[in-house]
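Quick note: residue numbers are just sequence positions, from 1.
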Amino acid sequence: QVQLVESGGGLVQAGGSLRLSCVASGRTFVINRMGWFRQAPGKEREFVATISWSGGSTNYAASVKGRFTISRDNAKNTVYLQMNSLKPEDTAVYYCTSRDQWTSYDYWGQGTQVTVSS
């Protein structure tokens with residue numbers, strides 16, 4: 001099992017910044033990729049960004065590319081999401097996820113609320 005705990009959400013004005021953190025614990029040696037998804041009220045959960053645990057290759061949703069940056073600290077088993085130039089449409093619960101390289105099972109955190117006011 002892998003446990004994921006997110007932090008860093010909150011209320012920010014449009015144009016502002018927030019940094020989310022996600023700490024992994026447990027069987028972290030099985031992780032080969034971590035990422036972030038988000039879910040706004042009444043909408044489906046959507047992909048935001050992902051990063052490979054070894055080489056650090058990244059991938060972003062078109063809606064956040066150029067504004068959000070995903071990074072990792074392997075020593076701390078932590079992944080970050082730096083969010084700049086936030087927009088009201090970025091308002092959502094943000095979930096951290098990690099993938100088990102052997103089973104392709106995806107673990108999820110409990111989520112952290114991000115609210116961007118106009």
Side-chain angles (χ1 to χ4, degrees):
Q1 291 278 359
V2 174
Q3 294 78 42
L4 303 172
V5 178
E6 303 104 329
S7 62
L11 173 64
V12 64
Q13 287 188 331
S17 299
L18 281 175
R19 188 176 84 153
L20 305 183
S21 301
C22 174
V23 179
S25 61
R27 292 168 50 90
T28 57
F29 59 88
V30 305
I31 297 172
N32 70 340
R33 181 165 292 273
M34 292 188 71
W36 294 91
F37 281 68
R38 66 187 182 186
Q39 188 167 19
K43 294 189 176 181
E44 297 285 323
R45 189 172 296 190
E46 65 174 5
F47 166 76
V48 175
T50 188
I51 186 167
S52 68
W53 210 237
S54 56
S57 64
T58 58
N59 192 27
Y60 295 91
S63 59
V64 307
K65 202 166 187 177
R67 300 187 298 122
F68 291 10
T69 302
I70 189 170
S71 61
R72 78 208 191 287
D73 183 332
N74 295 47
K76 296 181 179 180
N77 290 324
T78 300
V79 65
Y80 304 97
L81 186 68
Q82 178 66 44
M83 305 185 295
N84 298 328
S85 302
L86 282 161
K87 305 175 182 180
E89 51 263 44
D90 294 317
T91 295
V93 177
Y94 284 70
Y95 296 92
C96 176
T97 183
S98 67
R99 173 155 293 186
D100 185 318
Q101 61 180 313
W102 307 116
T103 66
S104 295
Y105 181 81
D106 291 324
Y107 296 93
W108 295 89
Q110 81 287 353
T112 186
Q113 176 71 47
V114 171
T115 303
V116 184
S117 63
S118 57

Exercise. Roughly how far apart are Leu86 CG and Phe68 CZ, rounded to 0.5 Å?
Worked result: 5.0 Å
Exercise. When rounded to the nearest 0.5 angstrom, what is the spacing between OG1 in Thr115 and CG in Asp90?
Worked result: 11.0 Å
Problem set entry | Separation of Ser25 OG from Leu4 CG (nearest 0.5 Å) | 7.5 Å
Seminar exercise, completed: Here the pair of heavy atoms bringing Met34 nearest to Ala24 is CE-CB, 4.3 Å
For this session: Please report the closest heavy-atom contact between Ala14 and Ser118, naming both atoms and the distance.
Result: CB-CA, 4.4 Å
Exercise. Hey, any chance Val12 and Leu20 share a hydrophobic cluster, counting ILVMFWY side chains that come within less than 4.5 Å of each other, even indirectly?
Worked result: yes
Problem set entry | Residue among Arg99, Arg33, Arg45 satisfying salt bridge (Lys or Arg N to Asp or Glu O under 4.0 Å) with Asp106 | Arg99
Problem set entry | Carboxylate-amine/guanidinium proximity below 4.0 Å for Asp100 and Arg27 | no
For this session: Would you give the length of the straight line joining atom CD1 of Ile51 to atom CD1 of Ile70, rounded to the nearest 0.5 angstrom?
Result: 5.5 Å
Problem set entry | Straight-line distance of Asn32 CG to Trp102 CH2, nearest 0.5 Å | 9.0 Å
Exercise. Would a distance-only check, ignoring hydrogens and angles, find a side-chain to backbone donor-acceptor pair under 3.5 Å from Ser52 to Ser57?
Worked result: yes
Exercise. How far apart are the C-alpha atoms of Cys96 and Trp108, what are their side-chain angles, what is the distance that settles it, and do they pass the side chain to side chain contact (heavy atoms under 4.5 Å, CB included) test?
Worked result: CA-CA 6 Å; Cys96 176; Trp108 295 89; over 6 Å; no
For this session: Could you tell me the separation between the CD atom of Gln39 and the CD atom of Gln113, rounded to the nearest 0.5 Å?
Result: 11.0 Å
For this session: Tell me whether Tyr107 is reachable from Phe37 by hopping between hydrophobic residues (I, L, V, M, F, W, Y) whose side-chain heavy atoms are closer than 4.5 Å.
Result: no
For this session: Indicate, with yes or no, if Tyr95 and Trp53 share a hydrophobic cluster defined by side-chain heavy-atom contacts under 4.5 Å among Ile, Leu, Val, Met, Phe, Trp and Tyr.
Result: no
Problem set entry | Minimum heavy-atom distance between Trp36 and Thr97, given as atom pair plus value | N-CG2, 4.4 Å
Exercise. So, do Tyr105 and Val30 sit near enough that their side-chain heavy atoms are less than 4.5 Å apart?
Worked result: no
Seminar exercise, completed: Between Ile31 and Val2 the two heavy atoms that sit nearest each other are CD1-CG1, 4.0 Å
Exercise. Between Ser63 and Arg38, does a side chain to side chain contact (heavy atoms under 4.5 Å, CB included) hold up when you go through it step by step?
Worked result: CA-CA 12 Å; Ser63 59; Arg38 66 187 182 186; 3.5 Å; yes
For this session: Would you name the heavy atoms of Ala49 and Leu81 that are closest together and state the gap between them?
Result: CB-CD1, 4.3 Å
For this session: Apply the side-chain contact (heavy atoms from CB on, under 4.5 Å) test between Arg67 and each candidate in Lys87, Met83, Gln82; give the one that qualifies.
Result: Lys87
Problem set entry | Considering all heavy atoms, the nearest Tyr94-Glu6 contact | O-OE2, 3.9 Å
